[in-house]
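As structure tokens, the structure follows; a few thoughts come after it.
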Amino acid sequence: MSKFQLLIQQQMNEIIFHPFLFGALVSLFLFWAITKWFYKPAANKKLPPSPPKLPILGNLHQLGSLPHRKLQSLAEKHGPLMLLHFGTVPTLVVSSADAAREIMKTHDLIFADRPQSSVSRRLLYNFKDVSVAPYGEYWRQLKSICVLQLLSNKRVQSFRSIRDEETALLVNKIRKSSFPVNLSEMFAELTNDVVCRSAFGRKFSEGENSKKFLSLLIELLELLGSFPIGNFIPVLSWISRVNGFDARVDKVSKELDEFLEGVIKERMETPNEDKNGANFVDILLDIYQSNSSGVSIDRDSIKAIILDVFAAGTDTTATVLEWAMTELLRHPSVMKKLQIEVREIVKDKQDITDNDLEKMQYLKAVIKETLRFHTPIPLLVPRQARKDVKIMGYDISAGTMVITNAWAISRDPVSWDEPEKFEPDRFLNSSIDFKGLDFELIPFGAGRRGCPGIAFAMATTEFVLANIVQKFNWKLPDEGKELDMKEHPGVTVHRDVPLLVAATHYHS
Ligand code: HEM
């Protein structure tokens, strides 16, 4: 979420250097005076500990460019439940497995809402998608479409040929690539193409119109990850109108809508008769037109769900692959052990089957350790309290935003031995999994609002990783030099610099 912080910093700069400085300062002063006058903290409430805050900004200035790291340090001082203030928004920060269990299991129903922003309202069809829809009957119906129809194990299996073909293309690209291979770029392309083919039945990396869609998606992700200052200090909402941010949101939303309308129209005119080869648009159109499953969705719902799948499913999976390869290159003994496992199971066969993947226990351990050590969305997706509730003896008010620092939880020495070490073996004799039942490892969240895309994401991650470690030997281009491990700020935390590597084809 640090686009968040970057944006706030950017917007603060704009306040300071902008010709509208005077207006901003006057608004802020009035706002501060009014809130001071009316706001009286509840005397009889027991609130979680809070770090000291500034007037108006609250704790916004303490987030830094990588908030998961800053919030971890704050939690070390103030405890696993902290109450921060992002401008006027009270925000509960959760930093231990026990506290996360209270939120996502014991009181899951109370925390089943998401905070709503004007950006997601405009980009996601007035909250008609799954990930930001308010908790209620509409969200329940969409979530069940995702879990039972779009992202079920059976559906994920039906996309097997897409994974096969796209992974074969990746392997070919690596073979032909000039030195060094830019793996970060290749993983991003692959995950986009896999999601695109699963959603539309074709890719967007080919053809002019399709390239436009790709650049719109990149903008969508950027905008969804941004938090204009007006979200936290409502009196400053006008800044987004004046600095062109609102106009950019409107433009991206309009152009995405035109593209998706085109895809839907085309599919309605020439429906896909092959039920086994159905893609997400086919399935959603079928539900829309036949009112099957007793669910009624409209055209906007279809477009919003498709955008969700792109926003949630591409960047995240590419990040896991990127960090997994990074750690394998930094730990040659782990790479060797993984290659031995994969090559022994595959032997001299041409293709890796789902059955082979099932047997690759070390591969699964490497992926789990990557999700622990480099949690792709370190602060998960924020929730919001629907009612007043007591958590660990503290009073939490309805409307409080909740941020779970899953990154800090999976490095908590209370739950993990030597948490700062990348050590996949820790999972070999352990039943801990990432599916939302073990709160020390929750990269996909948990409970009602937990991620429905785990099977989809894992199918791609396991298959791609198994193939590239089997078919190539890998080295850093400059062996004497330490790999740069800096993280790039964002909702999904990538490497700051692309992963460049040397690959040699392996012959069994
Ligand atoms: C490594 C890959 C992925 C990671 C780390 C990830 C992580 C997450 C997280 C942390 C949440 C919020 C959970 C919560 O609030 O408890 C979430 C929600 C969601 N994810 Fe994923 N995700 C991944 C892949 C996918 C894929 C591939 C899809 C779809 C194709 C997907 C679709 C969704 C949707 C629709 C939601 C919203 C669920 C709701 O609000 O009810 N995700 N994901």
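Only heavy atoms go into these numbers, but all of them, side chains included; no hydrogens, no water, no symmetry mates. Counting from 1, the numbers follow the sequence of the chain as shown. Everything numeric here is computed off the predicted structure, so don't read it as measured data. For ligands, and for the atoms within them, numbers begin at 1 and follow the listed sequence.
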Considering heavy atoms of the protein only, find what lies nearest to [atom] and give residue, atom and distance to 0.1 Å.
{"atom": "atom 34 (C) of ligand 1", "result": "Pro452 CD, 3.4 Å"}
{"atom": "atom 16 (O) of ligand 1", "result": "Arg383 NH2, 2.7 Å"}
{"atom": "atom 26 (C) of ligand 1", "result": "Gly313 CA, 3.5 Å"}
{"atom": "atom 12 (C) of ligand 1", "result": "Val381 CG2, 3.4 Å"}
{"atom": "atom 28 (C) of ligand 1", "result": "Gly453 CA, 3.7 Å"}
{"atom": "atom 24 (C) of ligand 1", "result": "Ala312 O, 3.5 Å"}
{"atom": "atom 41 (O) of ligand 1", "result": "Lys143 NZ, 2.8 Å"}

Considering the heavy atoms of [X], write down every atom of ligand 1 situated less than 4.0 Å from one of them.
{"X": "Trp139", "result": "39 (C), 41 (O)"}
{"X": "Pro376", "result": "5 (C)"}
{"X": "Phe456", "result": "27 (C)"}
{"X": "Pro443", "result": "5 (C), 7 (C), 10 (C)"}
{"X": "Ser131", "result": "37 (C), 40 (O)"}
{"X": "Gly445", "result": "10 (C), 13 (C), 14 (C), 16 (O)"}
{"X": "Ala446", "result": "16 (O)"}
{"X": "Val320", "result": "1 (C)"}

Any N/O pair Arg449/ligand 1 closer than 3.5 Å: yes
Under 3.5 Å: N/O of Thr316 near N/O of ligand 1: no
Parallel, tilted or perpendicular: rings of [Y] and [X] (30°, 60°):
{"X": "His68", "Y": "Trp407", "value": "perpendicular"}
{"X": "Phe434", "Y": "Phe444", "value": "tilted"}
{"X": "Phe111", "Y": "His107", "value": "perpendicular"}
{"X": "Phe200", "Y": "Phe310", "value": "tilted"}

Met458 near ligand 1 by a heavy-atom separation under 4.0 Å: no
Output field: ring centroids Trp416/Phe422 closer than 6.0 Å: no
Option nearest atom 21 (Fe) of ligand 1 (shortest heavy-atom distance, choices Ala406, Cys451, Cys146, Ala457): Cys451
Does [X] reach the main-chain N or O of [Y] with its side chain, forming a donor-acceptor pair under 3.5 Å?
{"X": "Asp388", "Y": "Ala398", "result": "yes"}
{"X": "Asn192", "Y": "Ala188", "result": "yes"}
{"X": "Thr319", "Y": "His494", "result": "no"}

Polar contact flag, side-chain donor to acceptor under 3.5 angstrom, His374-Glu487: no
Residue pair Tyr135 / Arg114, side-chain donor-acceptor N/O under 3.5 Å: no
Pairing of Arg101 and Asp98 as salt bridge, 4.0 angstrom limit: yes
Electrostatic pair Asp164:Arg160 at N-O distance under 4.0 angstrom: yes
Test log, rule salt bridge (Lys or Arg N to Asp or Glu O under 4.0 Å), inputs Asp129 and Lys303: CA-CA 8 Å; Asp129 71 320; Lys303 292 180 277 186; over 6 Å; no
Leu151 contact mode with ligand 1 (heavy-atom cut-off under 4.0 Å): side chain
Within reach of ligand 1, part of Phe444 (heavy-atom separation under 4.0 Å): both
